[in-house]
Amino acid sequence: IQQDYTALLPVDAASEGTNPVPDSLWRRYSEFELLRNYLLVTYPFLVVPPLPEKRAEFVWHKLSADNMDPDFVERRRVGLENFLLRVASHPDLSTDKIFYSFLTEENGWKETVFETGFQAKADSRLKALNATFRVKNPDKRFAEMKHYGDELQSVISQLLRVRARAADRLYGVYKVHGNYGRVFSEWSAIEKEMGDGLQSAGHHMDAYAASVDDILEEEEHYADQMKEYLFYADALRAVCRKHELTQYELEMAAQDLTSKKQQREELATGTIRTFSLKGVTSKLFGQETPEQREAKLKMLETQIEEGEELVKERNAECEEFVKSAWVDIERFKEQKDHDLREALISYAIMQISMCKKGIQVWNNAKECFSKM
């Protein structure tokens, strides 16, 4: 297995009249990243499902954080499969041709991605990082949603840290039972009447101590479900940042149009309302000729017409973005509520079951002691 990980992905789809779809495909983690980056750029108004973590974070100290650890590699494989299922079940992303190509083409799908020119569009995303400081009239709903994404990420991060600390303590408690087992076993060696009971109790303690590794490994799967929404929070905020960029571009187009109209009015009336180098030059070297003024007026008229068309386009883009984004955000919120509720309930059930096993161990030990 190479450092950036490969995943064997089954493909069940088949298309008639085309080359047969292979039964399985090998994909690197970096190829999943390329696919997701393409989706982020192509569908800026959608909450694109996140990829699983490339390196383990928020783990209890006895669990390997090595990204080549077999258990972690397997969990990441499950996470990558979950990513594909999320995309495949999305009403918009599931119909994307590049996604279908990712699932069905052994070679050449990368070239297909780059031919879309998505990388050039990706450069404009950088503007979104600072757009929030320049947008004059931010949409309150998106501002609140961005704040919610910040809070969600913070809360889940705290939850995962608490869980890791609790797992460390739990590991210690279980392993201490191994000391009980050792002491009972040593004690049984010097007791004739009580020896069998002490030894049996020691065996129960040893089995209890040995079970903690499987239990905490199972816990990691629930932690992975929480981590998915830790990364989903960033995807949600990305949509809000892209909306800020769309809003910013609309405001800039409207501002430029207003400026052009003001210049037209100044030329038509001969009144300069704002300070400009052009105005100072006119006073120093004389006014423009009627022909020059007429030519500039015509040029401004053309620019104003183009500016009005651009504002209409930007406004339509912004309205369409808001409409599409909000539909997907509502879909995401329903999915989030359902998934997190199920994950937390399952985690609680597991903890209850784990405690019951502890009680059973001590009940068994009690029976052993009673028979001595």
To the nearest 0.5 Å, what is the distance between [atom1] ([X]) and [atom2] ([Y])?
{"X": "Arg75", "Y": "His221", "atom1": "CZ", "atom2": "NE2", "value": "7.0 Å"}
{"X": "Glu309", "Y": "Ile304", "atom1": "CD", "atom2": "CD1", "value": "14.5 Å"}
{"X": "Ile349", "Y": "Leu344", "atom1": "CD1", "atom2": "CG", "value": "11.0 Å"}
{"X": "Asn82", "Y": "Leu51", "atom1": "CG", "atom2": "CG", "value": "10.5 Å"}
{"X": "Leu35", "Y": "Leu84", "atom1": "CG", "atom2": "CG", "value": "7.5 Å"}
{"X": "Lys323", "Y": "Asp328", "atom1": "NZ", "atom2": "CG", "value": "14.0 Å"}

Tell me yes or no: between the side chains of [X] and [Y], is some donor less than 3.5 Å from an acceptor?
{"X": "Gln351", "Y": "Tyr347", "result": "yes"}
{"X": "Gln153", "Y": "Ser157", "result": "no"}
{"X": "His177", "Y": "Trp362", "result": "yes"}
{"X": "Asp139", "Y": "Gln247", "result": "no"}
{"X": "Asn364", "Y": "Gln360", "result": "yes"}

ask   = Does Arg27 count as lying over the ring of Phe32, i.e. NZ or CZ under 6.0 Å from the six-ring centre, within 45 degrees of the axis?
value =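 Here Arg27 fails the 6.0 Å and 45° test against Phe32.
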
ask   = Between Arg36 and Phe83, is NZ or CZ placed under 6.0 angstrom from the six-membered ring centre and within 45° of the ring axis?
value =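 Not satisfied by the 6.0 Å and 45° rule.
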
Hydrophobic cluster membership, [X] vs [Y], 4.5 Å side-chain cutoff:
{"X": "Phe369", "Y": "Ile190", "answer": "yes"}
{"X": "Phe102", "Y": "Phe114", "answer": "yes"}
{"X": "Met372", "Y": "Val361", "answer": "yes"}
{"X": "Leu310", "Y": "Val135", "answer": "no"}
{"X": "Leu250", "Y": "Met252", "answer": "no"}

Flag the pair [X] / [Y] as yes when at least one side-chain heavy-atom distance between them is below 4.5 Å, and no otherwise.
{"X": "Leu216", "Y": "Glu220", "answer": "no"}
{"X": "Ser211", "Y": "Lys357", "answer": "no"}
{"X": "Met226", "Y": "Leu340", "answer": "yes"}
{"X": "Leu160", "Y": "Ile156", "answer": "yes"}
{"X": "Leu152", "Y": "Lys336", "answer": "yes"}
{"X": "Leu257", "Y": "Lys261", "answer": "yes"}
{"X": "Asp224", "Y": "Lys227", "answer": "yes"}
{"X": "Val239", "Y": "His243", "answer": "no"}

What are the two closest heavy atoms between [X] and [Y], and how far apart are they?
{"X": "Pro49", "Y": "Leu93", "value": "CD-CD1, 3.7 Å"}
{"X": "Val47", "Y": "Ala235", "value": "CG1-CB, 4.0 Å"}
{"X": "Ala209", "Y": "Gly178", "value": "CB-N, 3.5 Å"}
{"X": "Thr246", "Y": "Cys318", "value": "CG2-CA, 3.6 Å"}
{"X": "Leu198", "Y": "Ser188", "value": "CB-CB, 3.8 Å"}
{"X": "Gly197", "Y": "Cys368", "value": "O-CB, 3.5 Å"}

Within a radius of less than 6.0 Å around [atom1] of [X], do more than 12 heavy atoms belonging to other residues, nucleotides or ligands occur?
{"X": "Tyr222", "atom1": "OH", "result": "yes"}
{"X": "Trp326", "atom1": "CH2", "result": "yes"}
{"X": "Asp196", "atom1": "CG", "result": "no"}
{"X": "Glu330", "atom1": "CD", "result": "yes"}

CA sep, side-chain torsions, deciding dist, call: Arg28, Glu31, salt bridge (Lys or Arg N to Asp or Glu O under 4.0 Å) = CA-CA 5 Å; Arg28 298 180 185 277; Glu31 292 181 90; 5.1 Å; no

Answer yes or no: is there a donor N or O on one side and an acceptor on the other, between the side chain of [X] and the main chain of [Y], under 3.5 Å?
{"X": "Glu219", "Y": "Ala167", "value": "no"}
{"X": "Arg76", "Y": "Lys54", "value": "yes"}
{"X": "Ser259", "Y": "Gln255", "value": "no"}
{"X": "Ser154", "Y": "Asp150", "value": "no"}

message = Under the rule for side chain to side chain contact (heavy atoms under 4.5 Å, CB included), what residues qualify as partners of Asp92, not counting sequence neighbours?
response = Leu46, His90

request  = Kindly write out the residues that satisfy side chain to side chain contact (heavy atoms under 4.5 Å, CB included) with Glu186, not counting sequence neighbours, or none if the list is empty.
outcome  = Arg182

message = Between Tyr43 and Phe45, does the side chain to side chain contact (heavy atoms under 4.5 Å, CB included) criterion hold? Intermediate values first, please.
response = CA-CA 5 Å; Tyr43 303 93; Phe45 47 85; 4.2 Å; yes

key: Test log, rule side chain to side chain contact (heavy atoms under 4.5 Å, CB included), inputs Phe321 and Lys242   = CA-CA 9 Å; Phe321 187 101; Lys242 291 167 190 172; 3.9 Å; yes

inquiry  = For Ile98, run the side-chain contact (heavy atoms from CB on, under 4.5 Å) check against Leu34, Leu103, Leu39, Thr116 and tell me which one passes.
reply    =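 Per the side-chain contact (heavy atoms from CB on, under 4.5 Å) rule, the option paired with Ile98 is Thr116, out of Leu34, Leu103, Leu39, Thr116.
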
Does the distance from a Lys or Arg side-chain N to an Asp or Glu carboxylate O, for [X] and [Y], drop under 4.0 Å?
{"X": "Glu308", "Y": "Lys312", "result": "no"}
{"X": "Glu144", "Y": "Arg141", "result": "no"}
{"X": "Arg77", "Y": "Glu74", "result": "yes"}

query = Does the separation of the ring centres of Tyr229 and Tyr232 fall below 6.0 angstrom?
reply = yes

Verdict with supporting geometry, Arg165 and Val162, side chain to side chain contact (heavy atoms under 4.5 Å, CB included) = CA-CA 5 Å; Arg165 291 199 299 269; Val162 170; 3.5 Å; yes

request  = I would like to know whether Lys97 and Ser101 meet side chain to side chain contact (heavy atoms under 4.5 Å, CB included); could you show each step before the answer?
outcome  = CA-CA 6 Å; Lys97 293 181 179 179; Ser101 174; over 6 Å; no

query = In terms of the angle between their ring planes, are Phe118 and Tyr38 parallel, tilted or perpendicular, with boundaries placed at 30° and 60°?
reply = perpendicular

request  = List the steps and the verdict of salt bridge (Lys or Arg N to Asp or Glu O under 4.0 Å) for Lys260 and Asp256.
outcome  = CA-CA 6 Å; Lys260 291 290 192 299; Asp256 185 62; 3.2 Å; yes

